[in-house]
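Here the structure is a predicted model, which is why all the values come from computation and not from measurement. One-based numbering, in listed order, for ligands and for the atoms of each. Atom set for the values below is all heavy atoms of this structure, side chains included, hydrogens, waters and symmetry mates excluded.
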Amino acid sequence: MQGLPIEPIVSHPLVTDIAALARTVAAAPMSAVCLLDAEENWHAAVDGFEADQTPFVVAAAAVARSELFVIDASVTDDELVDDANVGRLGVSSAAVVPIASPDGDVIGCLCVLDSSRRTFSKSQLDDLGALTRQVERHVDRAVEQHHLRDLSVRLVESERVLSETLTRLEMSNRDLEHFAYHAAHELQAPLSAVAAFASLIDDALAGELDPKLLSMSARHVQTESTRLGARVASLFELSQFSNSELSHGAVLITPLLDDVAQWFDNTIGSIEVDCDADLSVFGDPIALHTLLTNLVSNAQRYRSPDRTLYVRIAARTNGDKVTIAVADNGIGIKTDDLDRIFEAFQRVDGSTPGAGVGLAMCRRIAERLGGTISVTSAVDEGSTFTVALPAG
Ligand code: ADP
């Protein structure tokens with residue numbers, strides 16, 4: 001029967017009791033309740049003999065015939081005996097009652113077997129019929145429970161998906177508010193500059209200003225437009241990792257980290273990769289690469305002028321997670337600033353150019369892959385950014 005675990009149904013005490021009762025009511029030495037599962041394997045509760053092929057052959061005959069059949073002293077039809085394949089197995093008499101599924105398909109039988117040639121009375125056959133209805137009711141209940149369990153599993157899964165979607169929506173909403181405010185703020189400054197310099201160009205062209213100002217203003221318009229373009233590009237990159245589909249597959253860590261280390265500028269320091277062998281995380285290789293190269297790029301940009309840069313990437317298994325820690329000996333970050341650096345457009349060190357969206361993007365990627373990102377830092381000693389992701 002489709003999707004229904006027949007073995008637990010057959011091994012239920014009720015069914016084993018029914019097999020024993022069948023033997024008693026029919027005064028037969030052997031009885032069996034046989035059911036056929038979705039893969040067409042037979043499962044039987046037997047009483048009075050060691051399980052062998054006999055009950056299954058009888059059950060197969062019951063399924064083929066779809067109706068009660070009896071082989072006993074009154075049956076002289078050798079063809080029937082042969083047809084049921086029963087004679088060959090040393091069983092001389094059998095009463096076989098088909099068991100129907102809730103859909104009406106025959107899925108097995110209740111049978112009593114005897115090695116001697118005998119007859120079964122009508123009341124014995126009626127009692128066997130009543131016991132069979134009991135087995136059918138048991139199967140009915142099991143089917144209902146199975147469907148209910150199936151439904152509740154699907155319900156739990158839908159709730160999980162819903163709650164994940166809600167969390168994502170809340171995150172998106174929170175980020176969107178932040179994003180809109182800061183994006184407007186970030187774009188406003190270069191835009192105002194472009195407008196002001198354009199107006200100067202206008203004045204210069206009208207002869208009201210020193211023509212020297214014309215080329216200076218044009219240069220500024222160019223610079224500010226480039227800055228504007230860079231900010232729009234970083235906004236675009238952030239939005240890309242916020243909304244685009246991410247794949248969720250096993251990604252091997254060693255080649256990923258080796259590739260990230262390739263991006264390191266060896267002229268300004270050294271990088272070391274330390275990774276347990278065969279470690280993998282569950283995630284999107286491109287997004288993971290973007291996340292880690294951002295952290296390495298920050299380590300380079302926020303290096304200390306007083307010492308040679310040293311970056312160490314270490315990957316370890318931690319329960320069902322893998323942690324990847326990117327540590328540097330750079331300028332460090334003040335404790336008060338640690339929380340806000342993961343927000344979009346929050347910059348702490350203004351002396352180094354940047355749009356302030358790199359860590360926001362790293363956090364977004366980590367969260368979307370079911371992970372987290374955190375930081376520990378000490379001013380003028382260095383910082384360690386740790387990404388924890390589901391192990392692959
Ligand atoms: P950006 O680097 O463009 O400013 P990020 O989001 O990558 O944007 O970083 C936010 C801020 O966090 C930076 O302005 C910098 O002050 C601080 N920061 C990030 N990484 C490091 C690091 N490895 N060491 C010191 N400060 C860092």
Trainee: Any side-chain heavy atom of Ile313 sitting closer than 4.5 Å to one from Glu272?
Mentor: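 Ile313 vs Glu272: side chains apart.
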Trainee: Using 30° and 60° as the class boundaries, would you call the ring planes of Phe282 and His248 parallel, tilted or perpendicular?
Mentor: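 Because their plane-to-plane angle lies in the 30° to 60° range, the rings of Phe282 and His248 count as tilted.
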Trainee: Please identify which atoms of ligand 1 are closer than 4.0 Å to at least one heavy atom of Gly332.
Mentor: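 Per the distance check, 25 (C).
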Trainee: Under a 4.0 Å heavy-atom limit, does Phe385 contact ligand 1 with its side chain, its backbone, both, or neither?
Mentor: side chain
Trainee: State, without any angle test, whether Asp284 and Ser247 hold a side-chain donor-acceptor pair at a distance under 3.5 Å.
Mentor: yes
Trainee: Out of Arg301, Arg340, Glu343, Arg363, who gets a non-hydrogen atom closest to atom 2 (O) of ligand 1?
Mentor: Arg301
Trainee: Does Asp265 offer a backbone N or O that forms a donor-acceptor pair with the side chain of Gln300 under 3.5 Å?
Mentor: yes
Trainee: Answer with side chain, backbone, both or neither: which part of Ile333 has a heavy atom less than 4.0 angstrom from an atom of ligand 1?
Mentor: side chain
Trainee: Would you say the side-chain atoms of Ser31 pair up with the backbone N or O of Ala19, donor to acceptor, closer than 3.5 Å?
Mentor: yes
Trainee: How does Leu295 reach ligand 1, by side chain, by backbone, by both or by neither, if only non-hydrogen atoms under 4.0 Å count?
Mentor: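 None of Leu295 does.
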Trainee: Less than 3.5 Å apart, any donor N or O on the side chain of Gln222 or Arg219 sitting next to an acceptor on the other?
Mentor: no
Trainee: If you count the atoms of ligand 1 from 1 in the order shown, which ones are under 4.0 Å from a heavy atom of Gly358?
Mentor: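 Listed by number with element, the hits are 5 (P), 6 (O), 7 (O), 8 (O).
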Trainee: Any heavy atom of Ser383 sitting closer than 4.0 Å to ligand 1?
Mentor: yes
